**Student:** 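Sharing a structure with you now.
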Amino acid sequence: MDITNLMLYSAPLAGIIGLIFAVYLVLYIMKLDAGSNKMKEIAAAIQEGAMAYLNRQYKTVAVIAVILTIVINFAINTPTALAFVLGAVMSAAAGYLGMNISVRANVRCANAAKEGMKKALDVAFKGGAVTGISVASFALLGVSGLFIAFGGKADAVDKIVGFGFGASLISLFARIGGGIFTKAADVGTDLVGKVEAGIPEDDPRNPGVIADNVGDNVGDCAGMAADLFETYAVTALGAMLIGVTVIDKYPNAVIYPLTLGAAAIIASIIGIFFVKLGKSGNIMGAMYNGAIVAGIISLILFYVITGQMMNGDIRLFVCALIGLGVTAAMILITEYYTATEYSPVRQIANASVTGPGTNVITGLAIGLQSTAMPVIVICVGILSSYLIMGGVADPTLGLYGIAIAAAAMLSVTGIIIAIDAYGPITDNAGGIAEMAELPKEVRDITDPLDAVGNTTKAVTKGYAIGSAALGALALYAAYSSEITKLRGSPLELKLSDPMVLVGLLIGGMIPFLFASFLMGAVGRAATTIVTEIRRQFREIKGIMEGTAKPDYGRCVDIVTIAAQKEMIIPGLLAVLSPLLVGFVLGPVALGGLLIGVIISGLLLALMMTTGGAAWDNAKKYIESGNLGGKRLPDGSKNPTHAAAVVGDTVGDPTKDTAGPAINPLIKVMNIVAILFAALILKYSLMG
């Protein structure tokens with residue numbers, strides 16, 4: 001077997017190794033003690049609600065997927081349709097696996113907190129690592145396996161674009177539906193419980209508390225898993241599609257991104273073992289240690305792979321280095337804007353002293369400001385990759401450099417998702433500790449873990465959005481290349497062309513319209529939850545005294561039904577808008593649309609996710625005892641805390657529903673354009 005085949009088969013092999021390691025982590029976690037019967041009962045209710053929601057969501061999406069499979073089969077070809085089905089199934093499987101372990105690690109994390117911070121962190125992080133390693137392994141195994149199955153040559157790449165579309169479809173609906181569920185439950189539960197009734201978060205007397213804890217898993221675990229699964233897959237596909245155009249210079253250009261992914265999975269597995277709480281007790285630092293180790297090992301392997309596969313062209317290794325550099329910069333910037341130790345969060349907290357209005361104004365200002373540095377970092381990454389590869393003289397080679405930077409950035413998805421999926425586990429652990437009435441010492445362990453979890457979730461969303469921008473640029477380049485190949489002349493976008501301008505404006509508008517649908521959906525669903533919780537407090541006598549049990553299941557049902565109903569229209573907007581623009585206005589207008597959605601989508605998503613996380617942690621900062629804490633010395637509610645809760649209520653749907661869902665929106669629109677490029681060119685009304 002020559003070096004090319006050896007490197008190619010390393011990709012599915014690494015995927016299999018990753019899945020075996022994930023199983024090992026599952027077995028380790030399941031052997032741990034789940035605590036008292038009351039803890040197990042609460043955890044079982046969360047498990048039941050989470051799995052019932054996920055089953056219902058996938059049944060709804062399956063109907064749309066079947067219709068699209070039939071369309072793709074007859075309009076394009078059968079291999080692409082089969083790839084579409086596999087992408088959807090593997091994306092769903094990654095979400096299921098992550099969800100299953102998350103809703104079991106939570107109670108074990110709560111029980112481990114009795115032994116101290118170190119043990120609780122170990123359980124939570126390893127639970128998150130199951131999701132992280134599974135996502136990266138499934139994605140790499142799917143893309144590389146299909147590539148090999150379709151012949152392992154350059155002409156096989158077009159057939160596996162369907163895999164990216166299947167992954168994107170599941171990701172889109174998982175983000176939309178999961179986001180609506182989690183934030184409707186969270187907002188409704190907080191507004192009545194914390195603001196009106198004055199009871200603690202996760203108080204078992206609150207009828208919405210189980211729905212809230214279910215939401216943490218369906219939004220931040222299953223949703224993030226599907227999101228980064230498709231980001232990983234479509235970024236690899238984008239790099240492979242561009243690799244086809246430079247294959248005369250680099251014979252291994254198509255499989256190079258796959259081998260980078262294989263190396264990074266192994267590096268991520270090693271990095272997981274380096275996440276240990278040191279004497280300083282720095283939780284975030286412990287997780288960063290694992291990410292740093294994974295990054296360093298990845299770079300060493302990238303250097304070796306580049307030397308063996310790419311004629312030793314050091315420029316490609318530098319592009320990969322730039323991709324990892326962008327990852328590090330995005331993490332640090334997002335942490336600055338969302339962690340309680342830094343000025344932005346404290347500015348919002350201080351603004352709460354004068355009421356909810358100033359809290360909201362300051363939070364909006366911080367969110368808007370937080371877009372600047374990430375965009376500059378992404379611009380530097382794009383330009384440096386392009387110029388290093390000689391893009392001025394050879395634009396195609398420059399675009400390949402950008403695609404490799406994006407692929408390298410996504411290659412460490414395993415360890416990054418592990419840091420994110422740790423969040424819902426610790427959040428649920430705190431909820432279980434509260435509902436099971438565990439000693440205060442346990443909550444003193446879970447609360448700091450949860451506060452860090454808010455930051456890690458924000459950091460991962462920033463990473464996902466930043467990688468989406470680079471990945472989407474590679475996908476746009478692939479679309480442009482496809483149109484150029486099909487019609488025999490370059491796709492040129494000139495601002496003097498009205499078609500381009502119209503496409504740009506429509507593309508720029510779509511993320512705002514999409515976000516409005518999601519924000520409105522959360523508002524409507526939260527209203528129903530507020531009404532239901534108020535009804536139960538009013539009609540079920542003894543809830544507040546603790547002598548009667550709330551009807552938790554009713555609240556779970558309400559948000560499940562609302563999420564399923566509300567996710568259809570924004571999902572169809574993402575799938576149909578590029579088709580309508582393409583078939584009505586033509587491929588040039590569609591090119592403008594794709595650029596417009598990348599630019600406005602990136603900015604809006606960054607503003608919403610980072611600003612929302614800053615609002616959330618401003619509330620957490622006050623709850624930790626600053627600015628008067630939750631209650632004043634006389635026992636009355638602290639108005640500063642009440643103002644921060646209002647700000648958090650605004651920020652919740654921005655950071656966990658609308659903002660993150662823009663990420664798959666961008667990719668879905670680009671991948672649909674690539675998939676139907678030939679039909680659009682042939683049948684568009686305006687050429």
Side-chain angles (χ1 to χ4, degrees), residues 161 234-235 237-239 241-242 244-246 375 378-379 381-383 385-387 389-403 405-406 468-514 573-574 576-605 662 665-687:
V161 172
V234 300
T235 301
L237 279 169
L241 285 164
I242 297 174
V244 173
T245 65
V246 298
V375 168
I378 291 168
C379 290
I382 289 170
L383 283 176
S385 302
Y386 186 80
L387 295 174
M389 290 304 297
V392 175
D394 189 340
T396 304
L397 208 53
L399 289 172
Y400 185 65
I402 296 170
L470 287 178
L473 185 61
L475 288 174
Y476 171 77
Y479 165 75
S480 178
S481 174
E482 185 72 9
I483 293 294
T484 299
K485 180 176 70 175
L486 289 168
R487 72 179 187 182
S489 60
L491 177 67
E492 295 182 347
L493 303 185
K494 298 178 180 178
L495 287 177
S496 57
D497 185 343
M499 286 296 180
V500 174
L501 192 57
V502 167
L504 285 169
L505 289 171
I506 295 173
M509 169 273 293
I510 283 175
F512 288 88
L513 181 62
F514 179 80
L573 174 68
L576 296 179
S577 56
L579 294 177
L580 287 173
V581 170
F583 283 116
V584 174
L585 300 179
V588 173
L590 179 54
L593 177 95
L594 300 180
I595 293 295
V597 77
I598 291 170
I599 294 170
S600 77
L602 168 66
L603 292 168
L604 186 61
I662 292 172
L665 168 77
I666 295 170
K667 263 80 64 58
V668 164
M669 292 177 66
N670 276 271
I671 207 86
V672 166
I674 295 171
L675 202 58
F676 290 91
L679 291 174
I680 287 169
L681 194 62
K682 186 175 182 180
Y683 296 110
S684 62
L685 297 179
M686 303 188 71

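Just so we're clear, the structure is a prediction, and the values are computed from it rather than from any experiment.
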**Student:** Output all residues satisfying salt bridge (Lys or Arg N to Asp or Glu O under 4.0 Å) with Lys682, sequence neighbours left out; order by chain, then residue number.
**Tutor:**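 For Lys682 there are no salt bridge (Lys or Arg N to Asp or Glu O under 4.0 Å) partners, ignoring immediate neighbours.
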**Student:** Shortest non-hydrogen contact from Gly401 to Met389?
**Tutor:**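 Heavy atoms of Gly401 and Met389 come nearest at CA-CG, 3.6 Å.
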**Student:** Less than 4.5 Å apart, side chain to side chain, heavy atoms only: is that true for Tyr479 and Leu241?
**Tutor:**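 Counting from C-beta outward, Tyr479 and Leu241 never come under 4.5 Å.
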**Student:** Could I get the full list of side chain to side chain contact (heavy atoms under 4.5 Å, CB included) partners for Leu501, not counting sequence neighbours?
**Tutor:**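 Result, side chain to side chain contact (heavy atoms under 4.5 Å, CB included) vs Leu501: Leu505.
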**Student:** For a quick test of reading the model, state the closest non-hydrogen atom pair linking Ala477 to Leu399 and the distance between them.
**Tutor:**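 Taking every non-hydrogen atom into account, CB-CD1, 3.8 Å.
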**Student:** With sequence neighbours excluded, what pairs up with Val500 under the side chain to side chain contact (heavy atoms under 4.5 Å, CB included) test?
**Tutor:**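 Listed in chain order: Leu493, Asp497, Leu504, Val588.
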**Student:** Looking only at non-hydrogen atoms, find the nearest pair between Tyr476 and Leu491 and report the distance.
**Tutor:**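 Shortest heavy-atom contact: OH-CD2, 4.0 Å.
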**Student:** Does Ala405 have any side chain to side chain contact (heavy atoms under 4.5 Å, CB included) partners at least two apart in sequence or in another chain, and if so, which?
**Tutor:**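 Once residues adjacent in sequence are excluded, the partners of Ala405 under the side chain to side chain contact (heavy atoms under 4.5 Å, CB included) criterion are Ser385.
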**Student:** Can you list the residues that meet the side chain to side chain contact (heavy atoms under 4.5 Å, CB included) rule with Ala574, with sequence neighbours excluded?
**Tutor:**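 Side chain to side chain contact (heavy atoms under 4.5 Å, CB included) list for Ala574, sorted by chain: Leu172, Leu665, Val668.
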**Student:** For Pro587 and Leu681, work out which heavy atoms get closest and say how close.
**Tutor:**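 Heavy atoms only, the tightest pair is CG-CD1, 3.8 Å.
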**Student:** Do Thr245 and Tyr400 make a side-chain contact, defined as non-hydrogen atoms from C-beta onward lying under 4.5 Å apart?
**Tutor:**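 The answer is no, as the side chains (C-beta and beyond) never meet within the 4.5 Å cut-off.
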**Student:** Which residue pairs satisfy the salt bridge (Lys or Arg N to Asp or Glu O under 4.0 Å) criterion with at least one member in residues 666-675, sequence neighbours excluded?
**Tutor:**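 Only Glu230-Lys667 qualify under salt bridge (Lys or Arg N to Asp or Glu O under 4.0 Å).
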**Student:** Might you point out which heavy atoms bring Pro578 and Leu590 nearest each other, and give the distance in Å?
**Tutor:**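 That would be O-CD1, 3.5 Å.
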**Student:** With sequence neighbours excluded, tell me which residues meet side-chain hydrogen bond (donor to acceptor under 3.5 Å, both in side chains) with Ser496.
**Tutor:**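 For Ser496, no residue satisfies side-chain hydrogen bond (donor to acceptor under 3.5 Å, both in side chains) once neighbours in sequence are set aside.
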**Student:** For Asp394, what residues pass the side-chain hydrogen bond (donor to acceptor under 3.5 Å, both in side chains) criterion, not counting sequence neighbours?
**Tutor:**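 For Asp394, the residues satisfying side-chain hydrogen bond (donor to acceptor under 3.5 Å, both in side chains) (neighbours in sequence not counted) are Lys249.
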**Student:** Can you measure from CD1 (Ile483) to OG (Ser480) and round to the nearest 0.5 angstrom?
**Tutor:**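 If I round to the nearest 0.5 Å, the distance is 8.0 Å.
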**Student:** Between Met509 and Ile506, is any pair of side-chain heavy atoms under 4.5 Å apart?
**Tutor:**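 They are in contact (side-chain heavy atoms under 4.5 Å apart), so the answer is yes.
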**Student:** Could you tell me the separation between the CD1 atom of Ile242 and the CD1 atom of Ile402, rounded to the nearest 0.5 Å?
**Tutor:**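 These two atoms lie 8.0 Å from each other.
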**Student:** Determine all donor-acceptor pairs shorter than 3.5 Å in which one atom belongs to a side chain in residues 593-605; sequence neighbours excluded.
**Tutor:**
residue : atom : partner : partner atom : Å
Ser600  : OG   : Gly508  : O            : 2.9
Ser600  : OG   : Gly596  : O            : 3.3

**Student:** Write down the atom of Ile680, the atom of Gly586, and the distance for their closest heavy-atom approach.
**Tutor:**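 Heavy atoms of Ile680 and Gly586 come nearest at CG2-C, 4.5 Å.
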**Student:** Provide the full list of salt bridge (Lys or Arg N to Asp or Glu O under 4.0 Å) pairs with a residue in residues 577-602, sequence neighbours left out, each pair given once.
**Tutor:**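 The answer is none; no pair qualifies.
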**Student:** Tell me which pairs pass salt bridge (Lys or Arg N to Asp or Glu O under 4.0 Å) where either residue lies in residues 584-595, with sequence neighbours left out.
**Tutor:**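 Matches after skipping sequence neighbours: none remain.
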**Student:** Roughly how far, to the nearest 0.5 Å, is CG of Leu573 from CE of Met669?
**Tutor:**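 It comes to 7.0 Å.
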